[in-house]
Structures are given as structure tokens and as C-alpha cells.
Amino acid sequence: MSHFRCIAKHPTISLVESSCTSLRQINQVHTQLLITGLLDDPFLHAQFVASIALKHPNLLDYSTRALDQNPNPTVFAFNSLIRANSKSPNPQKSFQLYNKLLKSGHNPYPDNYTFTFLVRTCAQLLDCEASRAVHACVMKRGFETDPHVQSGLIYMYAEMGLLGCARKVFDEIPLPDLVTLTAMVTACAKSGHVGFARGLFDSMPEKDPVAWNAMISGYAQCGQSREALDMFNLMQMEGVRINEVTLVSVLSACSHLGALDQGRWAHAYIGRKKITVTVTLGTALIDMYAKCGDVNKAMEVFWGMREKNVYTWSSAMGGLAMNGLGHECLELFALMKQERVLPNEVTFVSILRGCSVAGLVEEGRMHFYSMRKEFGLEPIFEHYGCMVDLYGRVGRLNEALDFINKMPVKPHAGAWGALLNACRIHKNTKLGELASRKIVELESKNHGAYVLLSNIYADSKNWDRVSNVRQTMKAKGVRKLPGCSIIEVNGEVHEFVVGDKSHPRYGEIEAKLEEISKRLKSSGYVANTFPVLFDLEEEEKEDALCQHSERIAIAFGLISLKEGVPIRIVKNLRVCWDCHAVTAIISDIYNREIIVRDRNRFHHYKDGACSCKGAFSYSLFIYPLLPSIYYLGMGEPLRMIDIVQKAAGIMVHEQGSVLVLPRLLFQPVDSSPR
DNA sequence: TATAGGACCC
């Protein structure tokens with residue numbers, strides 16, 4: 001049998017890897033190998049075990065059993081199984097395999113590979129004790145000088161948040177090489193010390209694509225998306241080879257920034273360089289397009305993908321829900337079930353959000369209960385929050401409260417937040433007080449809870465209490481996050497904060513803001529001076545001219561983008577009511593499409609209307625009045641300009657009686673994604 | 001066989 005050692009892979013093994021997709025086919029090959037006695041060869045046996053373990057992670061039991069079918073399994077066979085298990089839902093099993101390896105007596109001893117995989121298991125489990133034990137074994141067996149083991153240990157400690165330990169391993173390496181340096185760069189970035197990671201990266205005498213990718217994904221994961229893109233540009237300038245991993249990180253950064261141009265460029269690059277669109281890369285593309293507001297393109301990518309997994313489906317469904325297309329999201333779920341792709345927890349978050357934006361309470365309930373019954377998935381906080389939102393938004397406040405009280409886990413701030421928001425919409429002061437008290441108990445610095453509560457008091461003209469809330473906030477040092485908007489112009493990302501005057505073109509921006517203000521006035525717009533909406537950003541306004549970050553960004557978009565090019569803005573907070581109204585009017589008077597992504601959804605403004613419909617009121621920290629007036633007394637959208645004037649009238653005269661209309665009246669303004 | 005390894009909800 002020794003001749004098998006001379007060839008890279010036995011043809012039968014190649015068969016397992018390439019064409020065996022079903023258990024039945026693998027069984028056939030397996031039987032063949034058993035009958036012919038080929039499995040008695042330890043080398044071939046190891047190849048067989050390894051190929052099943054790594055290519056078919058869902059058949060781990062099968063490959064584990066196959067390990068026993070050779071009396072002298074090699075350490076390679078053990079290592080492959082340990083590796084496969086470290087990535088599985090039950091990583092502990094790799095420890096059992098390690099014990100088995102130690103007990104198997106004769107030739108196989110753990111080697112450096114064994115430990116690089118065991119270390120991954122520890123990182124997966126976040127088990128400090130196991131980590132220390134594994135590190136001790138590494139020392140005992142003398143592998144502490146192996147660069148791969150070293151970098152594995154660095155990775156392990158970083159994953160556990162023990163950067164000090166990672167550092168210690170690193171410092172003991174006399175001459176760190178590319179691999180260990182890269183591991184340390186990753187460790188620093190993962191622990192949030194991305195600046196330090198960069199310093200280390202810059203000090204590296206040589207850098208390969210892996211090192212560059214580590215740095216880019218480090219920035220992307222720390223939320224420093226702009227730096228990630230800068231790094232990517234630098235990487236290109238240096239002529240470093242760009243691969244799939246690079247592009248996934250880049251697309252992820254684009255998603256966070258809403259940098260559609262850069263994302264499109266990356267997509268075109270993939271096409272130009274004929275890079276294979278794998279499931280991961282395709283999913284990253286879908287996510288990018290959806291989060292940049294181009295849901296049509298996201299779906300185009302989705303339909304074009306041959307292979308789709310649960311990530312792909314969840315991503316597309318989440319994108320549809322986020323863009324207000326709840327019915328389409330549910331349709332997609334039906335299709336997903338038809339294709340027999342098993343949903344996971346994340347899929348259900350998308351489904352429930354879809355139900356929420358479409359106002360489908362019963363359907364949402366049905367899906368929520370089917371999670372456990374049909375799919376054995378335990379609901380997590382997000383799902384409970386979605387359910388409270390589902391009941392609350394249509395005014396079924398008691399059911400929402402009931403739902404919270406019956407939660408098998410301690411209700412989190414998000415669940416109470418959804419209720420509080422519903423109380424604001426439906427003017428339930430008493431329940432609103434309860435909800436906000438609960439939130440503050442859980443998160444004493446949750447500014448959203450204070451803002452919403454004060455809005456509820458303001459609705460009932462209880463000004464004393466409004467100022468009480470404001471005082472409490474001051475006393476407790478609760479501050480609102482500064483609003484910040486970004487806009488991409490010619491592939492460059494510009495960032496504006498409230499009252500920002502730092503931009504080099506601020507002079508032009510200011511002139512544009514004044515012009516906008518004038519044109520708004522002449523179109524009949526009355527500036528939002530209603531005391532009803534207590535908006536903390538109000539305090540930060542510097543003059544009569546609205547200085548909210550998205551307005552500055554819009555003004556900049558108007559002066560710097562060609563006519564007809566949609567203005568795309570990404571905001572870190574929710575858009576406020578006034579900006580929402582104003583943006584719609586700007587879209588009309590400047591005949592410009594404006595797309596704003598706020599904290600968790602999209603607003604597509606066109607010809608004076610916004611696509612968000614009722615979805616404007618979503619969870620915590622929102623200004624939910626608009627949708628109620630949006631469709632007032634009509635089956636179809638009013639022009640924004642009318643709405644604003646109407647709203648002004650209504651709000652001035654009848655603050656307490658703005659009606660929330662049944663969701664059935666909401667007509668989609670958007671086109672269908674397909 | 002290993003270092004980067006990424007995508008869906010947060």
C-alpha cells in the first residue's frame with residue numbers, strides 16, 4: 001500500500017471530496033474502501049477521515065466513527081477531526097479526541113498542528129481554564145517555540161479578551177515572523193486597540209495579503225470603516241494582491257458607512273478580476289446593497305447566486321424588511337422553506353421585522369411560536385423585542401405588556417423600549433411611565449428612554465414633568481449621542497456632526513443652507529417650533545437655521561453631486577421629525593431623490609414623499625408622529641408639502657389627538673425589488 | 001493540515 005504515499009490524493013478520496021454530496025454517496029465510497037481493504041492503510045484512512053471531516057461538517061459523527069476503522073490512525077487523522085470539531089457547534093468534542101489521541105498508546109503523539117487546533121477550540125468556548133490547560137500542555141511538550149502554535153495562543157487569548165496574556169506570548173518570541181506579527185495585529189485590533197495594531201502593522205518589515213487583510217478587517221470590526229477603506233486604498237497603491245477575504249471586509253465597511261459608490265466599485269472589481277462570487281462574498285454584496293439603500297440591486301445579486309445558505313437568505317430578508325418591504329420579506333421566507341434551507345435565530349429577527357413593517361400581527365405571532373415548535377429555535381431578546389413592537393404599534397398595548405410579563409427571561413431594555421415607543425404613539429402616559437422607569441432601572445444612562453418619556457408628557461401638555469425629566473437627565477449626566485451624518489461624494493466619505501463648520505467647503509454649504517431655508521419658507525413650510533417634540537438636539541442648535549447633521553450633509557450633496565444623482569446619507573441616530581419633513585420637501589423642490597439611512601431603516605424621499613410609511617416609528621428613540629398624519633383621512637399618500645401644513649395645523653390645535661390610522665391604509669410607495 | 005477568514009440579527 002505504500003505507493004499511495006507517492007501521490008497527493010487517492011482517486012477514491014478525490015471522489016469523496018468532489019462529487020459526494022449526499023450521505024448515500026459517501027456511504028458507497030466508504031463501503032468500497034472497506035471491502036477492498038484500502039482503509040487499512042493509515043495514510044489513506046487519514047485522507048478519508050480528513051476529507052469527510054472538513055468537507056462535510058454536518059457529518060462529524062460519521063467521520064469520528066470512521067476514525068476507529070483503522071487500528072493505527074495517524075496523528076493527521078486525529079488533527080483533522082480536532083480541527084473540524086473546533087469549528088462545530090460542539091467544540092468540546094475536540095478535547096475528547098485529544099484524550100483519545102493520548103490514550104491510543106503507540107505511535108501517534110500530538111504535534112504542533114494538534115495544538116493550533118486545540119487552541120481554536122478554547123477560543124471558541126471562551127474557556128479560561130481549558131485555555132490554561134492547553135497552554136500548559138504546549139509547554140510540557142515543547143511546542144511553545146513553534147510560530148503557528150504561538151500565533152494560535154495569541155489568537156486564543158485575544159478572543160478571550162486577555163490581551164495581556166496574548167502580549168506575553170508575543171513578547172517571549174525572540175524574532176517574531178510574519179505569521180506571529182499578523183496574529184498580534186489581529187489580537188490588538190480585536191481587543192479594540194486598533195491604533196496599536198496599526199503601529200505594529202506599520203513596523204512590519206514585510207507584509208503579505210494576509211497581514212493587510214488582518215489590518216483591514218481589524219478596522220472594519222472595530223467600526224472604523226473609513227480607516228478600513230483608507231487601508232484598502234493603500235493596499236491597492238502598494239500593489240498587494242487583493243483576494244476574496246479583502247473584499248468581504250471592504251464590503252462590510254461599505255455597509256456600515258452606506259458607501260454605495262465604493263461598494264459598487266468593489267462589485268465591479270470582482271467582475272473585472274473574475275473573482276469567484278462565493279456564498280460569503282455574495283452575501284456580503286447583498287448586505288452592502290441592502291444597507292446602502294439599493295434593495296433592487298441586493299435582490300438582483302441574490303437571485304443571481306447559485307448557492308445560497310442561511311446567511312444569504314437572512315441577509316436578503318433583513319434587507320427587504322429594513323427597506324420597508326415587509327410582504328416581500330415574508331414571501332422570501334416562504335420560498336426559503338420551499339428550498340429546504342433551515343432558518344436560524346437571525347432569520348427570525350428578519351421575519352418578525354418584516355411582519356412589523358407590514359403590520360401583520362397574527363402572522364408575526366404565528367412565526368414567533370413556530371420558531372420553537374417547528375424549528376427548535378429558542379427565542380432571544382431581539383425576538384421578544386420585535387413581538388412587543390408588533391403588538392404595541394397597532395395599539396394592542398395590554399397584549400404587549402402581557403407579553404413582556406410572560407417572557408421566560410428577564411425583560412431587557414429593548415422590550416420595554418418597544419412598549420414605551422408604542423405608548424408614545426398611542427398616548428398612554430401611565431404605561432409609558434412604567435416602561436421608562438423599567439428601562440432606567442436596567443440602563444440608567446439610556447437617553448432614549450428619557451427622551452420618549454418627556455415626549456409623552458409633552459403630548460399631554462404636562463410641562464412640569466417635561467422639565468423634571470430634563471433636570472433628571474442633567475443631574476444624572478445623561479447625554480444624547482451627537483448626531484452625525486455621512487455622505488459619499490466621488491468615492492470620498494464626508495462626515496458632518498451637529499453644527500459642523502469644519503468642512504473646507506463650509507462657506508458654500510452655509511450659502512446653500514440659507515437658500516434651502518428661503519425656498520422652504522416660500523413653499524409654505526413652517527419651521528418646526530412645536531414644543532410638543534422635545535428633541536435634545538434642539539439644545540445643540542446654534543441658530544435659527546437648522547444645523548442637524550443630515551441637513552448639512554444634504555446641502556453638501558446638493559452643491560457637490562451632479563444633477564439627478566440621488567443624495568445618499570447615513571445617519572448614526574434616528575432622523576428627527578422636522579428633518580424628516582424638510583427632507584421630503586427638499587426632494588420635491590430640488591427635484592432630487594434623497595435616501596437617508598438612519599439608525600435602523602431607510603427613508604427614500606422622492607417628489608415630496610417618503611417611502612418609510614409607518615415604519616418611521618420603530619423602536620427606541622424615535623419621533624413617531626409623522627406616519628399618523630402622513631395618510632390622514634386618505635387611502636393614498638398626501639404630498640409632503642400638504643402634510644407639513646396639515647401637520648402644523650393639527651399639532652398646534654390638537655396636540656393630543658393626532659390619530660394613528662390603521663396600517664391597512666399604507667400603500668407602498670416603493671417599487672417591488674424584483 | 002496551520003497564520004488573515006470574512007458575510008445574516010446585535
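Numbers restart at 1 for each chain; the letters A, B, ... are given by sequence-line order, proteins then strands.
The side chain of A:A214 lies closest to B:dA4, out of B:dA4, B:dC9, B:dG6. Looking at the side chain of A:R83, the nearest of the listed nucleotides B:dC9, B:dA4, B:dA2 is B:dA2. Closest to the side chain of A:D287, out of B:dC9, B:dT3, B:dA2, is B:dC9. The side chain of A:N309 sits closest to B:dA7 out of B:dG5, B:dT1, B:dA7. Nearest nucleotide to the A:N79 side chain, out of B:dA4, B:dT1, B:dC8: B:dT1. Nearest to the side-chain atoms of A:N112 among the listed nucleotides B:dT1, B:dC9, B:dA2 stands B:dA2. Set against B:dT3, B:dA2, B:dA7, the side chain of A:V179 has B:dT3 as its closest nucleotide. Residue A:T283 places its side chain closer to B:dA7 than to any other of B:dT1, B:dC9, B:dA7. Closest contact between the side chain of A:T186 and the listed nucleotides B:dA4, B:dC10, B:dG6 involves B:dA4. Nearest nucleotide to the side chain of A:S252, out of B:dA7, B:dA4, B:dA2: B:dA7.
A stacked arrangement is assigned to A:Y113 and the six-membered base ring of B:dT1, with a centre-to-centre distance below 5.5 Å and an interplanar angle below 30°.
Looking at A:Y384 and A:H412, their side chains never bring a donor and an acceptor atom within 3.5 Å of each other. Between A:S94 and A:T121, the side chains place a donor N or O and an acceptor N or O closer than 3.5 Å (distance only, hydrogens not considered). Using a 3.5 Å distance cut-off with no hydrogens or angles, the side chains of A:N421 and A:D389 do not pair a donor with an acceptor.
One atom, NZ of A:K308, and another, P of B:dC8, lie 18 Å apart when rounded to the nearest Å. A:I270 places its CD1 atom 15 Å from the P atom of B:dA7, with the value rounded to the nearest Å. The nearest whole Å value for the distance from the CG atom in A:L251 to the C1' atom in B:dG5 is 14 Å. Distance A:F78 CZ to B:dA2 P: 19 Å, rounded to the nearest Å.
Cation-pi geometry between A:R120 and A:Y155 is met: the NZ or CZ atom falls under 6.0 Å from the ring centre, inside 45° of the normal.
In summary, A:R226 and A:D230 do not engage in a salt bridge, as defined by a charged side-chain N under 4.0 Å from a carboxylate O.
At a threshold of 4.0 angstrom between heavy atoms, the contacts of A:E345 with the nucleic acid are absent.
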